[in-house]
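Have a look at the structure below, then the notes.
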Amino acid sequence: MHRRDFVKGALGAGLASSVPLELVLPISQAAQAAARQRVPYGAAIRTDFLETDPHYAEAVRKYCQIVVGEGGLKWIDLRPSRSSFEFDQPDRLIAFADANGMTMRGHTLIWYAAMPDWTVEIDTAKEAEFELIHHIEVVVGRYRGRIPNWDVVNEPISEDPDKEGPLRDSIWLQQLGEDYIELAFRTAAATDQNTQLVLNDFDFEKATPVSRKRRSLMLDLLKKLKDRDVPVHALGLQGHLTGEAEIDKDGLSRFVEDAHGLGLDILVTELDVIDNNLPANQGVRDQIAAMRVNDYLSAICDVVEPKSILTWGLSDKYTWVPIWFSRRDGLPNRPLPLDENYQPKAMMQVLQEFTQAGS
Ligand code: XIL
């Protein structure tokens, strides 16, 4: 039994209800936080900085019950060559998780992006099938029993389906067609029968024709997979929210309810607020970002309680957002629940209202 489960059991039995947790058991901060959680919270982590930035590691221990590598388990990181695997980064992150009473998500087995140059050599269906199966068997097999859920296929829907067609172009789609998705899930299930298998994607939350189309296509895909008894267990909602765009709460609620109605768990996997078009004023920007997160999580939690909520990073100090969405005024982006000095912002308070017991 995991330490955190013991603690929750003890609390449930009323054993320690009147005594502060830290006096009951010498348990990790994460386990203490977990005992207070209704929905586990976590963040994407830059593993190297855990070892070089003590304040970062301290913040992760303070707030997170789940970690996921921002990198490390993508082909670009894992596969320096066709014949080799490099597991150093995910091994270090799962060791950190184990040492701190946390779990680690697996992100991501099959994606169109972050592919090393040598993969252009995969130019027949036979080779694509072999490489897909081999990669999943080796990677999922290495962490069998240690990673509770995997993003098996990431971002299968086209960014703008009306322009690009329903499914996102990739070597997998080119060589295997839509069946690559089923093959990936069946291979992962055969490699680890006990891990939850997730289909993960973004942009289901806006009141736009593209979001509406993407919601419809994702539901059609999920229905097709479930009709074939493909072992898809959960839908991952990335949640990279566009700061200036309102959340289509009714549309998102209906979408989540329909997906859950297919027997799928719902995970929020990469939540942040892309604020490049929000006002420069930090206070205003932070409040708008917190409001978007509140509207997004309300729309989801009104119909289904997500199994976990993760942000794509924890502190504004380490965020992917400026790579693609830097601000014209040159000010740093503020997409995450902690500021660059690890101080909680309004967004963290909103997250805690949705994740902590008794909120
Ligand atoms: C991003 C990382 O955060 C960047 O550091 C990297 O350069 C590119 O990938 N959706 C996903 C994530 O599923 O894997 C992406 O992560 C962000 C968008």
Side-chain angles (χ1 to χ4, degrees), residues 42-50 52-53 56 60 64 66-80 86 89-90 92-93 104-117 119 135 139 147 149-160 164 167-170 172-173 181 184 188 197-206 210-211 214 218 221 234-243 245 266-276 296 306 308-326 332-338 340:
I45 302 298
R46 294 185 178 178
T47 304
D48 292 345
F49 294 122
L50 281 179
T52 59
D53 182 344
Y56 181 46
V60 174
C64 297
I66 305 170
V67 293
V68 60
E70 185 172 353
L73 283 171
K74 297 169 181 174
W75 282 59
I76 195 78
D77 308 304
L78 264 183
R79 304 297 304 278
E86 174 51 70
Q89 196 181 146
R92 284 185 285 124
L93 184 55
M104 183 172 103
R105 296 203 69 232
H107 176 84
T108 178
L109 294 170
I110 297 297
W111 192 23
Y112 77 94
M115 295 297 279
D117 292 346
T119 54
H135 181 85
V139 179
I147 290 186
N149 58 56
W150 277 99
D151 290 335
V152 175
V153 173
N154 193 38
E155 304 182 355
I157 305 294
S158 289
E159 186 147 8
D160 186 343
E164 304 156 32
L167 295 180
R168 168 97 66 163
D169 188 28
S170 68
W172 311 116
L173 187 71
I181 299 171
L197 305 179
V198 184
L199 188 60
N200 191 50
D201 215 324
F202 68 97
D203 191 9
F204 298 122
E205 65 276 348
K206 294 204 282 285
V210 170
S211 259
R214 288 175 56 86
M218 177 54 85
L221 174 59
L235 171 62
L237 305 171
Q238 289 186 8
H240 295 297
L241 307 183
T242 303
I266 301 297
L267 313 178
V268 176
T269 55
E270 305 184 15
L271 188 54
D272 56 16
V273 178
I274 297 168
D275 66 340
N276 57 324
Y296 183 75
S308 55
I309 296 174
L310 280 81
T311 49
W312 200 246
L314 182 59
S315 158
D316 296 335
K317 184 174 180 182
Y318 305 122
T319 171
W320 75 298
V321 169
I323 298 173
W324 300 100
F325 307 101
S326 60
N333 298 93
R334 294 174 64 84
L336 290 166
L338 302 184
E340 68 283 6

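Order of listing sets the numbers, starting from 1, for every ligand and every atom in it. Nothing fancy with the numbering, it's 1 onward along the sequence. The analysis underlying the following values was restricted to heavy atoms, covering all of them including side chains, and did not include hydrogens, waters or symmetry mates.
Between Y318 and F49, the ring planes lie parallel to each other; the angle is under 30°, not in the 30° to 60° tilted range.
Between K317 and D53 there is a salt bridge, since at least one side-chain N of the basic residue sits less than 4.0 Å from a carboxylate O of the acidic one. In this structure, R334 pairs ionically with E340, as a charged nitrogen and a carboxylate oxygen lie closer than 4.0 Å.
With Q238 as the fixed residue, the side chain to side chain donor-acceptor pair (under 3.5 Å) test singles out one of D272, D203, N154: N154.
Note: H240 and W324 fail the aromatic proximity criterion, with ring centroids not under 6.0 Å apart.
Around ligand 1, the residues contributing at least one heavy atom under 4.0 Å from the ligand are E70, K74, H107, W111, N154, E155, Q238, H240, E270, W312, W320, I323.
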What donor-acceptor contacts under 3.5 angstrom involve side-chain atoms of residues 109-117, with partners at least two apart or in another chain?
unit_1: W111; atom_1: NE1; unit_2: E155; atom_2: OE1; d: 3.0
unit_1: Y112; atom_1: OH; unit_2: R168; atom_2: NH1; d: 3.2

